[in-house]
> 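Here it is, the structure, as structure tokens.
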Amino acid sequence: MENMIKRIVDADTEAKALESDALKEKDILQKQIDEEAQKIYDKYMSEAQKTIERNDAYEEKEAQMQAQLIENKQKSAHIKLQSDFKLNFDKWVDAIVSRTLE
């Protein structure tokens with residue numbers, strides 16, 4: 001009978017040791033999973049940041065090109081208006097005076 005109790009106590013002790021080992025292994029595996037998940041997240045965020053930076057640079061370049069195009073059109077229109085003014089100033093003044101006096 002005493003031998004039977006000793007075997008039961010030994011089996012219980014062994015089961016507790018196995019449970020403890022299993023919990024330790026579970027903790028280790030969970031830490032590894034967490035570390036791997038963080039690595040994947042960091043890699044994804046790094047790639048996303050690089051993509052954002054590339055897109056920002058492209059959009060900035062496009063905006064500068066559009067601004068330059070608009071500025072060139074405005075300069076061209078300004079030059080044309082100045083030319084028209086120089087060519088037609090006297091004619092327009094005469095037309096305004098003539099209409100005013102009529």
Side-chain angles (χ1 to χ4, degrees):
M1 178 74 164
E2 195 173 301
N3 190 21
M4 188 69 122
I5 293 174
K6 184 177 183 319
R7 287 175 49 192
I8 292 172
V9 170
D10 289 344
D12 184 56
T13 303
E14 187 178 331
K16 286 179 182 177
L18 288 173
E19 179 185 20
S20 176
D21 290 345
L23 289 174
K24 287 177 186 175
E25 187 175 345
K26 177 185 172 194
D27 288 341
I28 291 169
L29 291 174
Q30 186 62 48
K31 286 179 184 175
Q32 289 174 345
I33 290 170
D34 292 343
E35 288 173 2
E36 189 64 28
Q38 187 64 43
K39 284 180 186 177
I40 291 169
Y41 175 81
D42 291 344
K43 180 181 175 187
Y44 173 78
M45 291 305 289
S46 174
E47 289 172 4
Q49 186 63 35
K50 288 176 186 174
T51 301
I52 289 169
E53 289 170 4
R54 267 195 319 270
N55 288 344
D56 282 350
Y58 174 77
E59 291 296 327
E60 180 67 28
K61 184 177 177 182
E62 284 292 315
Q64 287 176 353
M65 288 174 36
Q66 289 293 326
Q68 186 64 43
L69 183 64
I70 290 169
E71 186 177 333
N72 290 342
K73 286 181 180 180
Q74 287 176 338
K75 284 180 183 178
S76 176
H78 181 66
I79 290 169
K80 182 181 181 324
L81 287 172
Q82 281 183 326
S83 174
D84 288 347
F85 176 76
K86 287 178 184 176
L87 291 174
N88 297 311
F89 175 75
D90 291 330
K91 180 179 158 186
W92 291 339
V93 168
D94 289 343
I96 291 170
V97 169
S98 145
R99 288 182 188 155
T100 305
L101 294 177
E102 289 179 358

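Atoms considered below: every heavy atom in the structure, side chains included; atoms not considered: hydrogens, waters and symmetry mates. Heads up: numbering here begins at 1 and tracks the sequence. Since we're looking at a predicted model, the values are computed, not measured.
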> May I ask you to test the I28-E25 pair for a side-chain heavy-atom distance under 4.5 Å?
no
> Mind checking the CG-CD spacing from D42 to E35? Nearest 0.5 Å is all I need.
11.5 Å
> So, taking the atom named OG1 in T13 and the one named CD1 in I8, what distance separates them when rounded to the nearest 0.5 Å?
11.5 Å
> Less than 4.0 Å between a side-chain N and a carboxylate O, is that true for D27 and K31?
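No, this pair does not count.
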> Give a yes or no answer on whether the side chain of S83 reaches the backbone of I79 with a donor-acceptor pair at less than 3.5 Å.
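The answer is no, because no donor-acceptor pair under 3.5 Å joins these two groups.
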> Strictly by modelled atom types, are D34 and Q38 linked by a side-chain donor-acceptor pair under 3.5 Å?
no
> So, E71 and K75, do they make that salt bridge, N to O below 4.0 Å?
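K75 and E71: salt-bridged.
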> So does K16 get a backbone contact from the side chain of S20, meaning a donor-acceptor N/O pair under 3.5 Å?
no
> Does a donor on one side chain sit under 3.5 Å from an acceptor on the other, for H78 and Q82?
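Checked: H78/Q82 side chains pair up, N/O donor to acceptor below 3.5 Å.
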> Rounded to the nearest 0.5 Å, what's the gap from CG on L29 to NZ on K26? Could you check?
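Answer rounded to 0.5 Å: 10.5 Å.
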> Would you say F85 and V97 are hydrophobically clustered, going by side-chain heavy atoms of ILVMFWY under 4.5 Å?
yes
> Working to the nearest 0.5 Å, report the span between CD of E36 and CD1 of I40.
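Reported to 0.5 Å precision, the distance equals 5.0 Å.
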> So, does T51 use its side chain to make a donor-acceptor pair with the main chain of E47 at under 3.5 Å?
yes
> Counting only heavy atoms not in E62 (residues, nucleotides, ligands), do more than 12 fall under 6.0 Å from its CD?
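More than 12 within 6.0 Å, yes.
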